[in-house]
Amino acid sequence: MKHPTETDALGEFLISARSLAEYRAIFELTDTDLRGRRVLDCPGGAASFAAEAAALGARVTAADPIYARPAAELRELARSETERGSAYAGAHQGRYRWDFYDDPDHLQAVRLSAATRFGTDLTAHPDRYVAAQLPALPFHDNSFDLTLSSHLLFTYADRLDADFHLAALLEFSRVTHGETRLYPLVDHTGRHQDDLVAHLRNELHDKGIPTTLRPTHYEFHHGATTMLVLQPNQN
Ligand SMILES: C[S@@+](CC[C@H](N)C(=O)[O-])C[C@H]1O[C@@H](n2cnc3c(N)ncnc32)[C@H](O)[C@@H]1O
């Protein structure tokens, strides 16, 4: 099994900063999904989801290997990585559908605002941000009512193999009492990962974990309008 290294986490993997509005759209989240619920965001990256959802009354934990870094370094990384991500999207505009975001400048503004909110929350609520690296998470079984995983699995299918994906999904299932929702099911170039998704769904089915493909109204990579949902283990 290929395991990512610390260098991967800081170099190859983009540390992006999505907002609660983006998570709401991506995962079709309602206030009922969040208020009073124990929610895991893994990988949390520099997203402001944890800060904003906590303000709504969710009990959020964000997990990511980058949280082992000092807060000042993370704040700078959140900003520089946001610029790197926006520049990448701007250089490959044809890969994306521009309606949730007006254009690359709007995308950058949304993400810089999220990165700033993340940076502030990191200092105010350090306990919310747990340094952890899939496929092993430092949480007890059934610690969360809902797990959200955005832009790691499938996104980096070029360097994370099928065994890693399966181990990570089983780990999400172990720590989650309710649903685990994952998006997108395309890689970072927009290539659909249908074979990998089908393989993983079969493996999970054999282990007693039902899965569904659920539509989402969010679309940035063309045709990426589906999330993978893991239901609680039936065994
Ligand atoms: C593209 S960001 C996504 C962040 C956030 N979910 C969002 O949508 O904005 C990918 C994140 O995955 C993290 N990451 C890389 N390897 C990981 C691993 N093995 N376990 C957990 N997170 C990992 C990186 O540090 C990075 O912050």
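Atoms within a ligand are numbered from 1 in the order they appear, just like the ligands themselves. The chain is numbered in sequence order, starting from 1.
The pair Glu52-Arg18 does not count as a salt bridge, with every side-chain nitrogen at least 4.0 angstrom from each carboxylate oxygen.
Listed by chain and number, the residues in a ring-ring contact (aromatic ring centres under 6.0 Å, His included) with Phe144 are Phe139 (sequence neighbours excluded).
Below 4.0 Å from some heavy atom of Ile66 lie the following atoms of ligand 1, by number and element: 25 (O). Residue-ligand proximity, Ala17 to ligand 1, at heavy-atom distances under 4.0 Å covers atoms 9 (O). Close approach to Gly45 involves these atoms of ligand 1, each under 4.0 Å from a residue heavy atom: 4 (C), 27 (O). Those atoms of ligand 1 with a heavy atom of Asp64 less than 4.0 angstrom away are 11 (C), 12 (O), 13 (C), 24 (C), 25 (O), 26 (C), 27 (O). Contact atoms of ligand 1 toward Pro43: 4 (C), 5 (C), 6 (N), 11 (C), 12 (O), 13 (C), 22 (N) (distance under 4.0 Å to a heavy atom of the residue).
Of the possible polar contacts, one joining the Arg174 side chain to the Leu137 backbone as a donor-acceptor pair under 3.5 Å is found. Not one N or O on the side chain of Ser19 forms a donor-acceptor pair closer than 3.5 Å with the backbone of Ser48.
Checking only distances, Leu134 does come within under 3.5 Å of ligand 1, N or O to N or O. Inclusion of Gln133 in the set of residues having an N or O under 3.5 Å from an N or O of ligand 1 is not warranted. Ligand 1 has a nitrogen or oxygen under 3.5 angstrom from a nitrogen or oxygen of Arg18. At under 3.5 Å, a nitrogen or oxygen of Tyr23, whether backbone or side chain, sits near a nitrogen or oxygen of ligand 1. Geometrically, ligand 1 and Ala132 share no nitrogen or oxygen pair separated by less than 3.5 Å.
Looking at Ser149 against ligand 1, nothing comes within 4.0 Å, counting heavy atoms.
Rounding to the nearest 0.5 angstrom, the gap separating the CD1 atom in Ile26 from the CZ atom in Phe100 is 7.5 Å. Here the NE2-CD distance, from His106 to Gln108, works out to 12.0 Å after rounding to the nearest 0.5 Å.
If you run side chain to side chain contact (heavy atoms under 4.5 Å, CB included) between Phe13 and each of Asp64, Ile66, Leu160, Thr155, only Leu160 comes through.
Within the 4.0 Å heavy-atom cutoff, Gly44 counts among the residues contacting ligand 1.
Taking the six-membered ring where the residue is Trp, Phe154 and His165 present tilted rings, their angle falling between 30° and 60°.
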